[in-house]
Amino acid sequence: MSAMRPSAMRGLLLFLVVGGAWLAACRPADRGGTPALVAPNPAVVTLGEAVYAAQCASCHGAALEGEADWKAQNEDGSFRAPPHDASGHTWHHGDETLMEAIRLGGARFDGLSIGGTSNMPAFAEVLSEEEMVAVLAFIKSTWPADLRGFQAEATAREAGPAGGG
């Protein structure tokens, strides 16, 4: 029996804690098997909204709208701050990817050939894990149920099969 990789274990643990505690209390829908999500914990969302306003809104917008023309790169080759509302791509990514983005900021792209850079600061030394999770709870709380379901599935795929690979 092989051991689970540490990154997969962190992703699975994050999914279980975050999902079980406040968002992804998923159950099969009556039709189609699409997860139906329980509303996030209001206290966690409120904390996340406050942290987002203080730390994220200056770049990603007070209404999560992102920078204008966010799909275009800046003259220096950096990517513009994307929206975190339903019009963006945040919901395409699982929790571990989103947490890594918050923790490491643009440094997560160092050494990768992705056609640009990111000026996003790292928040690992600025925000607690609880605050980072709360920011994600706030962002997710603004999405329609179908996008929250898609994102929960992305989180599960990121965590990989139970028991490792």
Side-chain angles (χ1 to χ4, degrees), residues 4-29 34-68 70-71 78-110 118-160 162:
M4 184 179 282
R5 295 181 322 222
S7 62
M9 179 68 88
R10 279 193 318 272
L12 179 59
L13 180 60
L14 182 63
F15 175 70
L16 293 174
V17 169
V18 172
W22 46 266
L23 178 61
C26 295
R27 58 181 168 72
T34 302
L37 303 177
V38 172
N41 178 318
V44 174
V45 171
T46 298
L47 171 62
E49 185 174 17
V51 173
Y52 179 90
Q55 300 292 335
C56 312
S58 62
C59 294
H60 292 282
L64 294 93
E65 73 275 15
E67 266 186 278
W70 68 275
K71 291 182 181 179
S78 63
F79 296 108
R80 297 178 184 178
H84 291 311
D85 62 13
S87 73
H89 61 79
T90 307
W91 54 271
H92 294 197
H93 304 291
D95 287 345
E96 186 57 31
T97 295
L98 297 175
M99 290 294 287
E100 179 181 79
I102 296 169
R103 282 186 205 106
L104 302 177
R108 71 190 182 282
F109 299 128
D110 288 354
S118 171
N119 294 325
M120 181 174 167
F123 286 93
E125 302 296 322
V126 176
L127 301 176
S128 69
E129 199 79 1
E130 176 187 17
E131 289 170 320
M132 289 185 257
V133 167
V135 166
L136 289 182
F138 164 64
I139 291 169
K140 292 177 186 186
S141 77
T142 69
W143 299 336
D146 62 331
L147 297 188
R148 286 185 285 146
F150 184 91
Q151 195 275 333
E153 291 172 6
T155 297
R157 280 192 306 275
E158 256 183 26

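Keep in mind that the numbers below use all heavy atoms, side chains included, and drop hydrogens, waters and symmetry copies.
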Do the non-hydrogen side-chain atoms of [X] and [Y] ever get within less than 4.5 Å of each other?
{"X": "Leu136", "Y": "Ile102", "result": "yes"}
{"X": "Val135", "Y": "Gln55", "result": "no"}
{"X": "Pro83", "Y": "His60", "result": "no"}

Check: With under 30° as parallel and over 60° as perpendicular, where do the rings of Trp70 and His89 fit, or are they tilted in between?
Finding: tilted
Notebook entry, point to check: In terms of the angle between their ring planes, are His84 and Tyr52 parallel, tilted or perpendicular, with boundaries placed at 30° and 60°?
Noted result: perpendicular
Calculate, to the nearest 0.5 Å, the distance between atoms [atom1] and [atom2] belonging to [X] and [Y] respectively.
{"X": "Lys140", "Y": "Phe138", "atom1": "NZ", "atom2": "CZ", "value": "13.5 Å"}
{"X": "Asp95", "Y": "Glu100", "atom1": "CG", "atom2": "CD", "value": "13.0 Å"}
{"X": "Asp146", "Y": "Trp91", "atom1": "CG", "atom2": "CH2", "value": "8.0 Å"}
{"X": "Met99", "Y": "Leu104", "atom1": "CE", "atom2": "CG", "value": "10.5 Å"}
{"X": "Asp110", "Y": "Ser118", "atom1": "CG", "atom2": "OG", "value": "10.0 Å"}
{"X": "Thr97", "Y": "His92", "atom1": "OG1", "atom2": "NE2", "value": "13.0 Å"}

Next item on the list: Return each pair, listed once, that meets salt bridge (charged side-chain N to carboxylate O under 4.0 Å, His left out) where at least one residue sits in residues 52-61; pairs must be two or more places apart or across chains.
Entry: none
Notebook entry, point to check: Between Glu65 and Ala63, is there a donor-acceptor pair closer than 3.5 Å when you use the side chain of the first and the backbone of the second?
Noted result: yes
Search all heavy atoms of [X] against all heavy atoms of [Y] and return the closest pair with its distance.
{"X": "Glu158", "Y": "His93", "result": "OE2-C, 4.3 Å"}
{"X": "Asp85", "Y": "Ser87", "result": "OD1-OG, 2.5 Å"}
{"X": "Ile139", "Y": "Thr142", "result": "O-OG1, 2.7 Å"}
{"X": "Glu96", "Y": "Arg103", "result": "OE2-NH1, 3.4 Å"}
{"X": "Thr155", "Y": "Gly94", "result": "OG1-CA, 3.4 Å"}
{"X": "Phe123", "Y": "Met132", "result": "O-CE, 4.5 Å"}

Note to self: Run the side-chain contact (heavy atoms from CB on, under 4.5 Å) test against Ala86 and tell me which residues pass, sequence neighbours left out.
What the structure shows: Pro144, Leu147
